[in-house]
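Step one of this worksheet: look at the structure below.
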Amino acid sequence: MIDPRILRDDPDRVRASQRKRGASESAVDDALAADKARREAIATFENLRAEQKKMGKQVAQAKGEEKAALLAQVKELAAAVKEAEAAQVVAEESWATALKAIPNLTAEETPAGGEDDFVLIETVGEIPTFDFEPRDHVELGRMLGAIDLERGAKVSGSRFYFLTGVGAELEFALINLAMEQAREAGFTQVIAPALVRPEAMAGTGFLDQVDDGVYRIEGDDLYLVGTSEVPMAAYHSDEILDAASLPLRYAAFSSCFRKEAGSAGKDTKGIIRVHQFEKVEMFVYTTLEESYAEHARLLAWEKAFLDKLELAYRVIDVAAGDLGPSAARKFDCEAWIPTQGKYRELTSASNCTEFQARRLDIRQRASTGSTTGTATAPVATLNGTLTAITRAIVAILETHQQADGSIRVPKALQKWLGREVLTPIAG
RNA sequence: GGAGACGUCGCCUAGUCCGGUCUAUGGCGCCUCACUGCUAAUGAGGUUUGGGUUAACAGCCCAUCGAGGGUUCAAAUCCCUCCGUCUCCGCCA
């Protein structure tokens with residue numbers, strides 16, 4: 001959620017952000033009104049409660065008739081306190097609801113508008129050309145014995161697949177390469193749970209997507225994560241971190257599950273859009289001040305990884321309307337997919353500033369204490385994909401294919417794959 | 001899955017049986033100051049978190065004893081539900 005103080009002191013800034021996203025400006029006025037009502041309810045309750053406490057002490061000391069008289073008096077007060085407290089709870093809840101309806105404030109640099117209003121930051125690598133008709137990843141995967149879509153559908157349904165043989169090997173190689181890079185950059189490697197409680201989902205802003213994006217486990221109040229951003233954001237929830245320990249950098253591996261209910265008919269072929277895949281996600285806790293530089297670093301690490309895969313890609317500054325509720329700014333890296341003739345998202349880096357940290361109550365405290373006490377402040381959270389397996393495989397197969405359907409293995413992957421070329425096993 | 005024990009303001013801990021003087025005890029750690037060439041030791045003070053009010057990180061007030069309900073004039077303390085930890089049993093990669 002956004003900083004309630006900014007909402008109160010500078011509502012125009014929030015309105016401007018809403019405009020940029022194409023989101024409702026009246027949400028700002030609703031939240032402001034709710035804030036006012038909340039503070040009034042708090043004042044009413046607290047005054048009554050203070051009086052009740054004072055009288056309670058008199059009751060404890062009084063004896064006999066005096067006590068009986070006080071009791072009768074304070075009983076009435078107790079009813080009023082109860083009522084005021086209930087009113088306060090209601091006011092707090094509607095305030096929280098109104099506040100949570102407002103997505104994160106967008107960064108100044110974030111372009112206004114929707115999906116097509118992104119700003120191109122740079123294009124890297126040369127778009128591959130072929131002196132033969134390139135095959136798509138479905139065909140190549142079949143020839144290599146790497147991707148089994150038919151049996152995926154038979155066993156689990158559409159948008160499922162088996163990675164077999166070199167397909168499975170490719171996944172492990174990509175993960176090893178990603179984790180090697182993460183380790184060298186100082187990240188702590190993590191295997192994260194793929195099932196989380198509703199609070200974790202809500203804290204990262206994904207619970208709203210529960211109908212068309214997120215799987216819920218029937219009978220248990222658990223959700224399958226769509227990204228390890230969820231468990232990693234909730235990892236330090238309800239904690240106060242030592243400022244000296246920041247930044248905390250994690251590289252988390254987990255399976256990711258997505259319903260894709262809203263994307264019927266999109267990417268129905270192959271493994272571009274699937275219900276389950278594995279991913280290595282960078283997740284960073286740092287200060288708000290440092291978050292902007294860290295965002296740039298995450299992007300640099302993503303680019304370094306795509307460079308190792310020897311892919312052609314572009315980097316875009318995603319427009320406000322396409323950010324998702326948590327992010328203030330987001331860079332997508334999109335790799336060229338030859339048979340589609342366009343760039344497709346492979347990785348993505350978001351700066352969520354304090355938005356998630358406020359929801360999940362993750363704060364920092366300066367390590368040098370003083371007598372006047374140390375102030376706490378929400379941390380900033382950022383996330384960036386190091387590698388999302390299925391799309392990485394699509395890009396690698398299609399980009400590095402040769403006329404006979406064999407695949408030239410990028411140098412950095414050779415060490416982990418143990419060979420320089422992947423050879424078809426079937427025509 | 002069954003039985004039991006437990007959860008107190010960084011860590012440990014008193015308090016819970018028998019509700020009010022709990023404005024939550026003490027120790028450790030940490031912070032500030034004093035003393036001393038420096039450090040250590042010693043002494044004094046401070047040290048949960050959030051919110052309201054406010055010019056204020058001053059003062060005052062409210063909440064907070066795992067979380068949420070309930071009983072009561074009054075709950076760390078009594079009752080219920082949930083979460084978590086530990087021990088034993090059963091099952092199982």
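Every chain is numbered from 1 and lettered A, B, ... according to where its sequence line falls, protein lines coming before strand lines. A quick note: this is a predicted structure, and the numbers were derived from the prediction, not measured.
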Does [X] place a side-chain N or O at less than 4.0 Å from the phosphate oxygens OP1/OP2 of [N]?
{"X": "A/Gln52", "N": "B/C73", "value": "no"}
{"X": "A/Arg39", "N": "B/U53", "value": "yes"}
{"X": "A/Arg38", "N": "B/G52", "value": "yes"}

Considering only atom [atom1], compute the distance from [N] to [M] and round it to an integer number of Å.
{"N": "B/A34", "M": "B/U53", "atom1": "C1'", "result": "37 Å"}
{"N": "B/U49", "M": "B/C57", "atom1": "P", "result": "15 Å"}
{"N": "B/U87", "M": "B/G10", "atom1": "P", "result": "25 Å"}
{"N": "B/C33", "M": "B/A40", "atom1": "P", "result": "13 Å"}
{"N": "B/U47", "M": "B/G26", "atom1": "C1'", "result": "15 Å"}
{"N": "B/C6", "M": "B/A76", "atom1": "C1'", "result": "15 Å"}
{"N": "B/G19", "M": "B/U13", "atom1": "C1'", "result": "23 Å"}
{"N": "B/U64", "M": "B/U77", "atom1": "P", "result": "10 Å"}

**Request:** Could you check A/Lys53 against A/Val89 and say which one's nearest nucleotide on RNA chain B is further toward the 5' end?
**Result:** A/Lys53

**Request:** Please figure out whether A/Arg197 or A/Lys75 has its closest RNA chain B nucleotide nearer the 5' end.
**Result:** A/Lys75

Whole Å only: how far is the [atom1] atom of [X] from the [atom2] atom of [N]?
{"X": "A/Asn47", "N": "B/U53", "atom1": "CG", "atom2": "P", "answer": "11 Å"}
{"X": "A/Phe45", "N": "B/G52", "atom1": "CZ", "atom2": "C1'", "answer": "12 Å"}
{"X": "A/Glu92", "N": "B/C62", "atom1": "CD", "atom2": "P", "answer": "16 Å"}
{"X": "A/Glu46", "N": "B/U64", "atom1": "CD", "atom2": "C1'", "answer": "13 Å"}
{"X": "A/Glu93", "N": "B/G51", "atom1": "CD", "atom2": "C1'", "answer": "16 Å"}
{"X": "A/Asp238", "N": "B/G50", "atom1": "CG", "atom2": "P", "answer": "12 Å"}
{"X": "A/Arg365", "N": "B/G10", "atom1": "CZ", "atom2": "C1'", "answer": "8 Å"}
{"X": "A/Asp242", "N": "B/C31", "atom1": "CG", "atom2": "C1'", "answer": "14 Å"}

Are the charged groups of [X] and [Y] less than 4.0 angstrom apart, N to O?
{"X": "A/Asp136", "Y": "A/Lys269", "answer": "yes"}
{"X": "A/Lys330", "Y": "A/Asp317", "answer": "no"}
{"X": "A/Arg142", "Y": "A/Glu139", "answer": "yes"}
{"X": "A/Asp307", "Y": "A/Lys303", "answer": "no"}

Closest nucleotide among [options] to the [X] side chain:
{"X": "A/Arg8", "options": "B/U53, B/C62, B/U49", "result": "B/U53"}
{"X": "A/Arg5", "options": "B/G52, B/U49, B/C62", "result": "B/G52"}
{"X": "A/Leu71", "options": "B/G51, B/U49, B/C73", "result": "B/C73"}
{"X": "A/Arg49", "options": "B/A63, B/G52, B/G50", "result": "B/A63"}
{"X": "A/Lys82", "options": "B/C73, B/C62, B/U71", "result": "B/U71"}
{"X": "A/Thr376", "options": "B/G51, B/C73, B/G50", "result": "B/G50"}
{"X": "A/Ala78", "options": "B/G51, B/C73, B/U53", "result": "B/C73"}

Which nucleotide, if any, forms a Watson-Crick or G-U wobble pair with [N], using both distances under 3.5 Å?
{"N": "B/U53", "value": "B/G59"}
{"N": "B/U32", "value": "B/A44"}
{"N": "B/C73", "value": "B/G20"}
{"N": "B/A14", "value": "none"}
{"N": "B/A5", "value": "B/U85"}
{"N": "B/C91", "value": "none"}

**Prompt:** Out of A/Arg408, A/Lys411, A/His400, which residue meets the side chain to side chain donor-acceptor pair (under 3.5 Å) rule with A/Glu310?
**Reply:** A/Arg408

**Asked** Only one of A/Arg258, A/Arg344, A/Arg159 clears salt bridge (Lys or Arg N to Asp or Glu O under 4.0 Å) with A/Asp267; which?
**Response** A/Arg344

**Item:** Verdict with reasoning, A/His236 to A/Tyr250, per side chain to side chain donor-acceptor pair (under 3.5 Å)
**Value:** CA-CA 12 Å; A/His236 285 300; A/Tyr250 299 102; 2.7 Å; yes

**Request:** Verify side chain to side chain donor-acceptor pair (under 3.5 Å) between A/Thr204 and A/Gln356, making sure each step is shown before the conclusion.
**Result:** CA-CA 6 Å; A/Thr204 37; A/Gln356 291 176 333; 5.4 Å; no

